[in-house]
Amino acid sequence: MPEPTDKPSKPDFIREIIAADLRAGKHPTTVTRFPPEPNGYLHIGHAKAIVLNHGIRAENAGSGARFHLRFDDTNPIKEEAEYVESIKRDVAWLGADWGEHLYFASDYFDFFHDCAVHLIQAGKAYVDEQDAETIRATRGSLTEAGGESPWRDRPVAESLGLFARMRAGEFADGAMVLRAKIDMASPNLNLRDPVLYRILHASHHNTGDKWCIYPMYDYAHPLEDAIERVTHSLCTLEFENHRPLYEWVIDNCPVPARPRQIEFARLSLTYTVMSKRKLLQLVREGCVSGWDDPRMPTISGIRRRGYPAEAVRAFCRRIGVTKFNATTDVALLEHEVRAHLNRVAPRRMAVFDPVRLVVSDLPAGVVEEVAVANNPEDPAAGTRGVPLTREVWIERDDFREDPPPKYHRLGPGRSVRLRGGPVVTCTGFERDAEGRLSEVRCERIPGTVGADPPAGVQCRAAIQWLSAAHAVDAEVRLYDRLFTVEEPDAAPGGFLSVLNPDSLQEVTAKVEPALAAVEPGYRCQFERIGYFCADACDHRPGERPVFNRTIALRDPWGKKGR
RNA sequence: AGUCCCGUGGUGUAAUUGGCAACACACCAGAUUCUGACUCUGGCAUUCUAGGUUCGAGUCCUAGCGGGACUGCCA
């Protein structure tokens, strides 16, 4: 099946800027990067940035464009090696290939240090011995200018000496900081002598105990971009006010290139908690089984949920890139997932709430094999043999004693197709002592396998079925994504895990384990997540079955027929 | 309150130098169907407001209004 190209149909404002820069001869090609801090797992919001940056590389591949994966690990107390591995896994799964260009900000610590010394020597940075509280108090407010530090004009040599001793570990955390000397009266708070370096006696996941001073984001990031010769540094809107500082660092440090920062709106999705802090809280408090819980909006969560990477990429292309602070309907994501799965997913049958159907014209012990298409959308996917015997399981809901109007499935005297097999006509049914449906009986209409029923036979539906003698029990966990509670009634699906976005408590949890029967050969433990079945363990090698019933998804049991 | 950014159907985005406001999702109705899916047909619905420039403004100008970011030794 042809996959749409990664190239968006219309260039967004970022691509237009890049094209203009290229035309103006500012750069021979593009270098973009994805710079996560390894302090948590990536979520669907990060996918937008990854697809954007990697897409630009792909579009300029002809001129030798590069895409870097760089870990922005300048704060050792929040970062862990576990996160580095998960991030690499997730970026790769999304199809963004960084090739040899894997970098760590911590690899540049010497460079950052040398630039700091340069700034001090140039009289553009100084060591400030005020404590954090005092610095905060003298920063001023949104409307008032800040006050200058008493250490602001200390001699260069003194700052140099103090900075060297900071690095040597002579001072306790918080004793002093290195500050840029810019403008305490700037209307942009970021320019009021921002802190460049702080003392942190903490072990770093990459550099161990080599350093006890660590650079701040605003100082390190432009230097990271410059040393990697990044041409276009794409980040989210909240860094807009930081751009003047970004440019100040580039202007005042000995850098080999001049990267350009461009901001775009981060992704937010309806019903979706995207805050890393809150996701971490969910994991820590055990509300979910982990970062990769299928209900989580993390990359690893939606991967386990069965979302194909291609669909996530298509979604990122579809939503575009702008500076407008938008909230995208999660239905757009789900549409892309369904569209992709519908093209490529191998179909399998499963019955969730079985009731016995007796094919009375088929003798006990006889096994007839029928060839069922693996994917009706794709003949190349071939067929598989599914055993048909006298007793099969069908879905309890696929039979009605008193079928409502427009109900197309089984009822007394009605005909329906056993999907992939013959058309059968219902000849009777039985109830148990409690009055619950226990058995349905039917007869096959000869010659209807792979062929239309004879004229006069009304058959408008095909139901799923499984030979009772061959079907395999499977544990099914019924999950859905984690909906936030703002508008739970508007949230689709029947098996909701509803979350209060403020307290992060589940207010109505209907996560129910169930037993299901699946096709022979599929000893599946799978999770039915909303519309999809996926994440089968122990299934046929090389395949990820998506169960027929649930790929049909939007209205799996037909609300109109209820 | 200052600085910066942003306002196009319900949602997300398009719209050549100013020239018939379009696409997708969602929703509604119908057709079709060996998945009540997919597909097909039809429908609903849009330029924040007020002035100005112009033959003509989503686009240019001015003023409002609305939303967002910023007062970490986080990123």
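In what follows, every chain begins at residue 1, and chains take the letters A, B, ... in the order their sequences are listed. Heavy-atom basis, side chains included; hydrogens, waters and symmetry copies ignored.
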Between P of B:U39 and CG of A:Asn375, the distance in whole Å: 14 Å

OP1 or OP2 of B:U13 sitting under 4.0 Å from any side-chain N/O of A:Thr322? yes

Need one value for A:Met176: base, sugar-phosphate or nothing, where a base atom within 4.0 Å counts as base even if backbone is also close, heavy atoms only. nothing

Residue pair A:Asn39/A:Gly421 against RNA chain B: nearer the 5' end by closest nucleotide is A:Gly421

So for A:Asn241 and B:A69, does any side-chain atom that can act as donor or acceptor lie under 3.5 Å from a complementary atom in the base? yes

For A:Glu334 and B:A37, what is the distance between atoms CD and P respectively, to the nearest whole Å? 17 Å

With no hydrogens and no angle check, is any side-chain donor or acceptor of A:Thr448 less than 3.5 Å from a backbone partner on A:Pro446? no

Want to know the stems of RNA chain B: at least 3 consecutive Watson-Crick or G-U pairs with distances under 3.5 Å, which are they? B:2-7 with B:65-70, B:10-13 with B:22-25, B:27-31 with B:39-43, B:48-52 with B:60-64

Do any N or O atoms from the side chain of A:Arg192 and from the backbone of A:Ser186 form a donor-acceptor pair under 3.5 angstrom? yes

Write down the distance separating the C1' atoms in B:C65 and B:G56, rounded off to the nearest Å. 27 Å

At under 4.0 Å between heavy atoms, what does A:Ile199 touch on the DNA or RNA strands: base, sugar-phosphate, or nothing? nothing

Can you check whether A:Arg136 has a side-chain N or O nearer than 4.0 Å to OP1 or OP2 of B:G72? yes

When we call it a touch if two heavy atoms are under 4.0 Å apart, what does A:Gly450 touch: a base, just sugar-phosphate, or nothing? base

Per atom distances to the A:Thr143 side chain, the nearest of B:U71, B:A1, B:C34 is B:A1

Counting the atoms with a prime plus P, OP1 and OP2 as sugar-phosphate, which does A:Phe239 contact under 4.0 Å by heavy atoms, base, sugar-phosphate, or nothing? base

Among B:U35, B:U71, B:A26, the nucleotide that comes nearest once only the side chain of A:Arg347 is considered: B:U35

Would you indicate what A:Asp173 reaches in the nucleic acid, counting non-hydrogen atoms under 4.0 angstrom: base, sugar-phosphate, or nothing? nothing

Taking the chi torsion of B:G72, is it syn (within 90° of 0) or anti (everything else)? syn

Identify whether the distance between the nearest side-chain nitrogen and carboxylate oxygen of A:Arg33 and A:Glu224 falls below 4.0 Å. no

Nearest whole angstrom, please: distance from the P of B:U3 to the CG of A:Leu237. 19 Å

Quantified in whole Å, what is the P atom distance between nucleotide B:G64 and nucleotide B:G2? 12 Å

Nearest whole Å is fine: how far is B:C4 C1' from A:Glu238 CD? 14 Å

So, do A:Tyr217 and A:His221 have ring centers that fall under 6.0 Å from each other? yes

When you check the phosphate oxygens OP1 and OP2 of B:G2, does a side-chain N or O of A:Arg192 lie under 4.0 Å from one of them? no

Which one, B:C34, B:G36, B:C73, comes nearest to the side chain of A:Tyr407? B:G36

Check whether the side chains of A:Asn375 and A:Glu377 place a donor and an acceptor atom closer than 3.5 Å, and report yes or no. no

A:Ser106 side chain to A:Asn206 backbone, donor-acceptor under 3.5 Å: no

Base, sugar-phosphate, or nothing for A:Ala132, non-hydrogen atoms under 4.0 angstrom? base

Quick one: which of B:A26, B:A75, B:U35 gets closest to the side chain of A:Pro376? B:U35

Nearest of B:U71, B:A75, B:G36 to any side-chain atom of A:Leu189? B:U71

Counting only side-chain nitrogens and oxygens, does A:Arg266 get under 4.0 Å of the OP1 or OP2 atom of B:C6? no

Does A:Arg154 CZ have over 12 foreign heavy atoms under 6.0 Å away? yes

Is the distance from OP1 or OP2 of B:C74 to the nearest side-chain N or O of A:Arg198 less than 4.0 Å? yes

Nucleotide of B:C5, B:U8, B:A1 approaching A:Leu142 most closely (side-chain heavy atoms): B:A1

May I ask you to test the A:Pro215-A:Phe109 pair for a side-chain heavy-atom distance under 4.5 Å? yes

Please check if the side chain of A:Thr328 supplies one atom and the backbone of A:Leu269 the other of a donor-acceptor pair under 3.5 Å. no

Please classify the nucleic acid contact of A:Thr327 as base, sugar-phosphate, or nothing, using heavy-atom distances under 4.0 Å. sugar-phosphate

Would you classify A:Arg460 as touching base, sugar-phosphate or nothing, given that sugar-phosphate means primed atoms plus P, OP1 and OP2, and contacts are heavy atoms under 4.0 Å? base

Please classify the nucleic acid contact of A:His242 as base, sugar-phosphate, or nothing, using heavy-atom distances under 4.0 Å. base

Which part of the nucleic acid, if any, lies within reach of A:Thr74 when heavy atoms closer than 4.0 Å are counted: base, sugar-phosphate only, or nothing? sugar-phosphate

Closest nucleotide among B:G12, B:U35, B:C5 to the A:Glu240 side chain: B:C5

With P as the reference atom in both, quote the distance from B:G12 to B:A26 in angstrom, rounded to an integer. 15 Å

Would you indicate whether the side-chain heavy atoms of A:Glu395 and A:Asp353 approach each other to under 4.5 Å? yes

First encountered from the 5' end of RNA chain B, between A:Thr448 and A:Gly174: A:Thr448

Picking from B:U35, B:G36, B:U71, the nucleotide nearest the side-chain atoms of A:Ala461 would be B:G36

Reckon A:Lys78 touches a base, only the sugar-phosphate, or nothing at all at heavy-atom distances under 4.0 Å? base

Counting any heavy atom closer than 4.0 Å, what does A:Pro453 reach on the DNA or RNA strands: base, sugar-phosphate only, or nothing? nothing

For the pair made of CD1 in A:Ile182 and P in B:U71, what is the distance, rounded to whole Å? 16 Å

From the options B:G72, B:G36, B:C5, select the nucleotide whose nearest atom is closest to the side chain of A:Lys406. B:G36

So A:Gln130, base contact, sugar-phosphate only, or nothing? Heavy-atom distance under 4.0 Å. base

Base, sugar-phosphate alone, or nothing: which one does A:His408 contact when heavy atoms must sit under 4.0 Å apart? base

To the side chain of A:Arg419, which of B:C34, B:G36, B:U13 is closest? B:C34

To the nearest Å, how far apart are A:Asn190 CG and B:C5 C1'? 14 Å

A:Tyr197 ring center near A:His113 ring center (under 6.0 Å): no

